[in-house]
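All values reported here derive from a predicted model rather than from experimental measurement. The analysis underlying the following values was restricted to heavy atoms, covering all of them including side chains, and did not include hydrogens, waters or symmetry mates. Sequential numbering from 1 along the given sequence is applied to the chain's residues.
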Amino acid sequence: MKTLISGARKLGIELTSRQLDKFEVYYHELIEWNKRMNLTRITDYEEVQLKHFLDSLTVLTAVQLTDGLRVIDVGAGAGMPGLPLKIVSPGIDLTLLEATGKKTKFLEHIVGKLGLDGVDIVSSRAEEIGHNAMYREKFSLALSRAVAPLPVAVELSLPFCQVGGLCVTLKKGKIEEEVQQSLKAIAIMGGTLREVKPVALAELDDKRYLVIIEKLKLTPPQYPRRPGIPAKKPII
């Protein structure tokens, strides 16, 4: 895990031996389960450290994860960025939202394997659970990564944020047009674009960004729209 150690240090994070052990287990379980289901296209040991684990930890350059902070990872997939952040900040209250049943089975397995407490795994679509009073506008931080184009990700994520909370979406590549297209959705969902923060790490040299949105007011009750509609008819 030397690659992860070096990259994390540049983010101001000194990983403990216990945390590194958990990342090691996470890697091997990810690869083993990936033989049976499509969890990730990235399987090389060094690449996973950089493009999955370190990429997830870049969230810590934008927000401080204090004990008790309620965090939701929307479209968690194989658990990133939520689980790497939980390994480094074990005091957060983390919810992993994933619609694909096979992936939630992996999440349940890896959370148990890593011995992580305070992790709630929800198998549902964001369009549905976003209207559930137990989850709607109950989180200080909503995360999404590789879920959908930004206007869609905003509609799926921002309803989970409480007023005053943040939505952070991890993006890469040429995102200027995508950001502009998302401004209408951000406003309708009750947010404002605070910052598009470049990830300044030589290890991640493919133009990665954190899109940081602040929740200013309650999301109108009709959003998110019913399953499939945000992707088919994005608000742009």
Practice item. Applying side chain to side chain contact (heavy atoms under 4.5 Å, CB included), run through T104 and L96 and close with a yes or a no. Key: CA-CA 9 Å; T104 59; L96 300 173; over 6 Å; no
Practice item. Take Y135 and K138 through the side chain to side chain contact (heavy atoms under 4.5 Å, CB included) test and state the conclusion after the steps. Key: CA-CA 5 Å; Y135 300 96; K138 292 294 191 294; 5.6 Å; no
Does [X] reach the side chain of [Y], with side-chain heavy atoms less than 4.5 Å apart?
| X | Y | value |
| --- | --- | --- |
| K102 | W33 | no |
| L116 | P90 | no |
| F53 | V48 | yes |
| I175 | V211 | yes |
| V88 | F23 | yes |

Exercise for review: Scan residues 105-125 for pairs that pass salt bridge (Lys or Arg N to Asp or Glu O under 4.0 Å), counting only residues two or more places apart or in two chains.
Suggested key: R125-E127
Heavy-atom pair with the smallest gap, counting every atom of [X] and [Y]:
| X | Y | answer |
| --- | --- | --- |
| V179 | S182 | O-OG, 2.6 Å |
| R136 | P224 | NH1-CD, 3.8 Å |
| E98 | G75 | OE1-C, 3.6 Å |

Could you give the side-chain donor-acceptor pairs of residues 162-170 under 3.5 Å, partners two or more places apart or in another chain?
from, atom 1, to, atom 2, distance (Å)
Q162, NE2, S140, OG, 3.3
T169, OG1, S144, OG, 3.1

Review point. How would you list, by chain and number, every residue that makes a salt bridge (charged side-chain N to carboxylate O under 4.0 Å, His left out) with E24, sequence neighbours excluded?
Key: none
**Study point:** Parallel, tilted or perpendicular: rings of Y45 and Y27 (30°, 60°)
**Key:** perpendicular
Exercise for review: Indicate yes or no for a side-chain donor-acceptor contact from T40 to the backbone of I42 under 3.5 Å, with no hydrogens or angles considered.
Suggested key: yes
Review point. Under the 3.5 angstrom rule, does the side chain of N34 hit a backbone N or O of L39 as a donor-acceptor pair?
Key: yes
Atom pairs and distances, side-chain donor-acceptor, residues 62-70, under 3.5 Å, sequence neighbours left out:
none

Exercise for review: Verify side chain to side chain contact (heavy atoms under 4.5 Å, CB included) between V119 and K86, making sure each step is shown before the conclusion.
Suggested key: CA-CA 9 Å; V119 181; K86 177 70 174 178; 3.8 Å; yes
For residues 145-161, which side-chain donor-acceptor pairs fall under 3.5 Å, sequence neighbours excluded?
from, atom 1, to, atom 2, distance (Å)
R145, NE, D55, OD2, 2.8
R145, NH2, K51, O, 2.4
R145, NH2, H52, ND1, 3.1
R145, NH2, D55, OD2, 3.3
E155, OE1, R225, NE, 3.4
E155, OE1, R225, NH2, 2.8
E155, OE2, R225, N, 2.9
E155, OE2, R225, NE, 3.0
S157, OG, A153, O, 2.9

Check your understanding: Given the rule in the side chain to side chain contact (heavy atoms under 4.5 Å, CB included) test, do I235 and Y223 qualify, once you have shown the distances and angles that lead to the verdict?
Key -> CA-CA 11 Å; I235 300 169; Y223 297 103; 3.7 Å; yes
Check your understanding: Heavy-atom count around R41 CZ within 6.0 Å, excluding the residue itself: above 12?
Key -> no
Could you tabulate the donor-acceptor pairs under 3.5 Å formed by side-chain atoms of residues 185-205, not counting sequence neighbours?
from, atom 1, to, atom 2, distance (Å)
R194, NH2, E214, OE1, 3.4
E203, OE2, K10, NZ, 2.8

